[in-house]
Amino acid sequence: MSEGQWAVILGASSGTGAAIASQVARRPGLHVFGMHRGRYLEQAAEVERQVLATGQRILMMRGDASTPEGAAQGADALLAAAGPRSLKLFVHSLASGSVGRFVSGGDEQLHPRQLARTFDAMAHSFIYWAQALKERELLAPSARLLGLTNPLTESLLHNCGAITAAKAALEIYVRHLALELGPLGHRVNLLKFGTVLTPAIRHVYAPHVLARLEEAHRQMNPAGRLCTLEEVARFVSTLVGDDTEWFNGATIDFTGGMTLRLLDIVLNERR
């Protein structure tokens with residue numbers, strides 16, 4: 001790994017983004033540029049502490065990474081701090097999506113503003129950042145661009161239609177970018193993993209709901225447990241290395257077989 005290479009992590013202040021930021025600073029040893037909206041300032045400060053403890057640099061920028069303007073501002077800040085051809089890893093870990101129904105007619109019916117916001121945050125912004133990074137010649141040789149997704153396109157949740165549709169669009173964006181950036185030596189992939197217990201989930205759900213969530217995943221997952229943030233972060237760090245360079249345009253299944261037993265669980269009472 002060349003000295004002075006950076007990782008850009010969108011949504012770096014908490015949850016999956018924070019775990020990835022801390023991990024890639026340790027291994028393979030990247031400086032970190034994080035962008036977040038300022039909702040988790042204490043967690044962002046902890047990420048900064050963890051990255052600095054590895055001896056790497058970190059620049060945390062507050063802003064809306066889901067807009068073309070936010071992508072341009074972030075790319076300009078990275079260029080000023082790191083210079084051209086410095087970005088080895090880009091991770092899109094934005095999770096600002098609206099839940100609701102499409103045609104219920106009630107309060108839970110999704111508004112056009114919610115649909116637009118969900119698609120900007122969870123799909124379109126991947127393109128905005130790819131454009132901004134390439135235009136400024138920030139991509140290092142064999143740069144890796146990574147989107148994050150989940151199994152909702154395989155097994156639907158009744159109120160997650162907008163999020164699922166945005167993730168489906170993200171998958172198509174990843175595949176097309178792999179075609180466009182592949183000849184330049186870069187790699188674009190999508191990492192699919194199941195539920196992980198983030199600080200946000202622990203804050204939103206009551207303890208008894210969390211217990212039910214964990215029990216459901218114990219039944220679903222062949223390993224009998226939830227995936228962890230640390231497992232996802234460690235795997236992302238391996239995708240930076242030369243051994244994974246042939247991944248391109250791929251949706252990498254890191255679900256641990258999460259959806260394999262759904263029919264069995266529904267049709268059989270045994271546990």
Side-chain angles (χ1 to χ4, degrees), residues 1-66 70-71 73-83 85-96 121-122 125-126 129 132-133 138-140 143-148 191 193 195-205 207 210 225-241 254:
M1 188 68 59
S2 300
E3 290 186 8
Q5 291 190 324
W6 287 70
V8 165
I9 314 293
L10 305 186
S13 62
S14 67
T16 307
I20 292 171
S22 298
Q23 177 62 37
V24 298
R26 290 191 295 270
R27 185 178 68 104
L30 299 174
H31 304 308
V32 174
F33 178 94
M35 195 162 184
H36 64 99
R37 299 184 69 185
R39 293 179 176 175
Y40 303 101
L41 294 178
E42 291 185 6
Q43 291 94 321
E46 175 61 18
V47 173
E48 290 190 56
R49 186 194 67 76
Q50 292 179 7
V51 171
L52 290 173
T54 69
Q56 307 303 327
R57 297 172 59 192
I58 182 168
L59 176 60
M60 291 287 261
M61 180 176 176
R62 291 176 64 177
D64 188 352
S66 70
Q73 292 167 5
D76 285 339
L78 178 62
L79 183 61
R85 293 174 293 281
S86 56
L87 179 62
K88 183 64 175 180
L89 173 67
F90 169 76
V91 178
H92 183 277
S93 184
L94 297 181
S96 180
M122 306 189 83
S125 52
F126 197 90
W129 277 87
L133 295 171
L138 278 161
L139 298 176
R144 312 298 165 86
L145 284 72
L146 185 68
L148 305 181
L191 181 63
F193 57 95
T195 307
V196 290
L197 289 183
T198 64
I201 288 179
R202 294 184 186 277
H203 177 74
V204 169
Y205 292 120
L210 280 176
R225 62 171 177 84
L226 285 160
C227 180
T228 69
L229 285 172
E230 291 73 23
E231 287 172 322
V232 173
R234 287 198 302 270
F235 186 72
V236 170
S237 73
T238 69
L239 294 176
V240 184
F254 197 68

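Below, each value reflects all heavy atoms present in this structure, side chains not excepted, and no hydrogens, waters or symmetry copies.
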- Message: A side-chain contact here means heavy atoms from C-beta on lying under 4.5 Å apart; do K88 and V240 qualify?
- Response: yes
- Item | Nearest-0.5 Å distance, CG of residue L191 to OG1 of residue T16 | 9.5 Å
- Task: Kindly state each residue pair satisfying side chain to side chain donor-acceptor pair (under 3.5 Å) with at least one member in residues 42-51, sequence neighbours excluded.
- Result: S22-Q50, E46-R49, E46-Q50
- Note on the structure: One should read off an interatomic distance between S96 OG and R37 CZ, to the nearest 0.5 angstrom, of 5.5 Å
- Message: With a 4.5 Å cut-off on side-chain heavy atoms, are L226 and T228 touching?
- Response: no
- So how far is it from W6 CH2 to L89 CG, rounded to the nearest 0.5 Å? 13.5 Å
- NE2-CG distance between H31 and L78, expressed to the nearest 0.5 angstrom: 11.0 Å
- Message: Are Q23 and V232 packed together at the side-chain level, in the sense that at least one heavy-atom pair is separated by less than 4.5 angstrom?
- Response: no
- Query: Looking at CZ of R26 and CZ of R234, how far apart are the two atoms once the value is rounded to the nearest 0.5 Å?
  - Reply: 9.5 Å
- Query: Just wondering, do R57 and V51 contact through their side chains at under 4.5 Å, heavy atoms?
  - Reply: no
- Message: To the closest 0.5 Å, what do you measure between OG (S66) and CZ (F126)?
- Response: 15.0 Å
- Task: For the residue pair H36 and R62, establish whether any side-chain heavy-atom pair is separated by less than 4.5 Å.
- Result: yes
